[in-house]
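Written out below as structure tokens is the structure these notes cover.
Numbers here are sequence positions counted from 1. No experiment lies behind these values; they were computed from the predicted model shown.
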Amino acid sequence: QVQLVESGGGLVQPGGSLRLSCKGSGFHFSAYTMSWYRQAPGKERELVARILNISGSTTYADSVKGRFTISRDDAKNTVYLQMNSLQPEDTAMYYCFRPGRRDFWGQGTQVTVSS
């Protein structure tokens, strides 16, 4: 069965970096677009980054452009989100997402940016 398992969240000071990982199983990973979303308290869930399955083309929210990088390693069934120059406004629960015939979400991993 389809699973998305996330890791890499934690507490970091402003200006610091984290790398999130999402490992998929139970489906042909390389055939799917993969995305990262986040949701902060009192705010709507927002798309952070997306990477396409065939072209590898990426897209980013304006708020993270130039600071975050999404990538994938299909041999490892894993999508990553490298987050640099983190700021308190980046504090949120981060979710891995796979669209398809059925949509699937990871369990979420908490990122807290605080001094």
Single-linkage hydrophobic cluster, 4.5 Å side-chain cutoff, F29 and L20 together
yes
Could you give the distance from CZ (F104) to CG (L4), rounded to the nearest 0.5 Å?
8.0 Å
Is there a donor-acceptor pair under 3.5 Å between the side chain of Q107 and the backbone N or O of E6?
yes
Tell me, do L52 and M34 make a side-chain contact under 4.5 Å, heavy atoms counted?
no
Between A92 and Q110, the two heavy atoms sitting closest are O-NE2, 3.4 Å
Does D74 come within less than 4.0 Å of K76, counting only side-chain N to carboxylate O?
no
Are any of the side-chain heavy atoms of S17 and M83 separated by less than 4.5 Å?
no
Going by atom types only, do R45 and Y37 share a side-chain donor-acceptor pair under 3.5 Å?
no
Kindly indicate whether the side chain of L81, heavy atoms from C-beta on, has any atom under 4.5 Å from the side chain of T69.
no
Hits for salt bridge (charged side-chain N to carboxylate O under 4.0 Å, His left out) against R67, two or more places apart or cross-chain, chain-then-number order -> D90
Examine the side chains of D73 and T78 and answer whether a donor and an acceptor come within less than 3.5 Å of each other.
no
Are any of the side-chain heavy atoms of V12 and T112 separated by less than 4.5 Å?
no
Would you mind reporting whether V79 and C96 have side-chain heavy atoms less than 4.5 Å apart?
yes
Pairwise side-chain contact, V111 with L18, heavy-atom cut-off 4.5 Å (strictly under)
yes
Looking at K43, I want to see if its NZ is surrounded by more than 12 non-hydrogen atoms of other residues, nucleotides or ligands under 6.0 Å.
no
dist S35:OG -> I70:CD1 (nearest 0.5 Å) comes out at 6.0 Å
May I ask you to check if R38 and Y95 form a cation-pi contact, with NZ or CZ under 6.0 angstrom from the six-membered ring centre and within 45° of the axis?
no
is_close_aromatic(F27, Y32), centroid dist under 6.0 Å
yes
Heavy-atom pair with the smallest gap, counting every atom of R72 and N53
NH1-CA, 3.7 Å
Joint cluster assignment, W105 & V5, ILVMFWY side-chain distance < 4.5 Å:
no
Verdict with reasoning, W36 to F68, per ring pair (Phe, Tyr, Trp, His ring centres under 6.0 Å):
CA-CA 11 Å; W36 288 96; F68 291 11; over 10 Å; no
How long is the gap from CD1 on I51 to OG on S57, to the nearest 0.5 Å?
8.5 Å
Closest non-hydrogen atom pair between P14 and Q87, with its separation:
CB-OE1, 4.4 Å
Give, for atom CZ of F97 and atom CG of L47, the distance between the pair rounded to the nearest 0.5 Å.
9.5 Å
Provide the full list of side chain to side chain donor-acceptor pair (under 3.5 Å) pairs with a residue in residues 19-29, sequence neighbours left out, each pair given once.
H28-S30
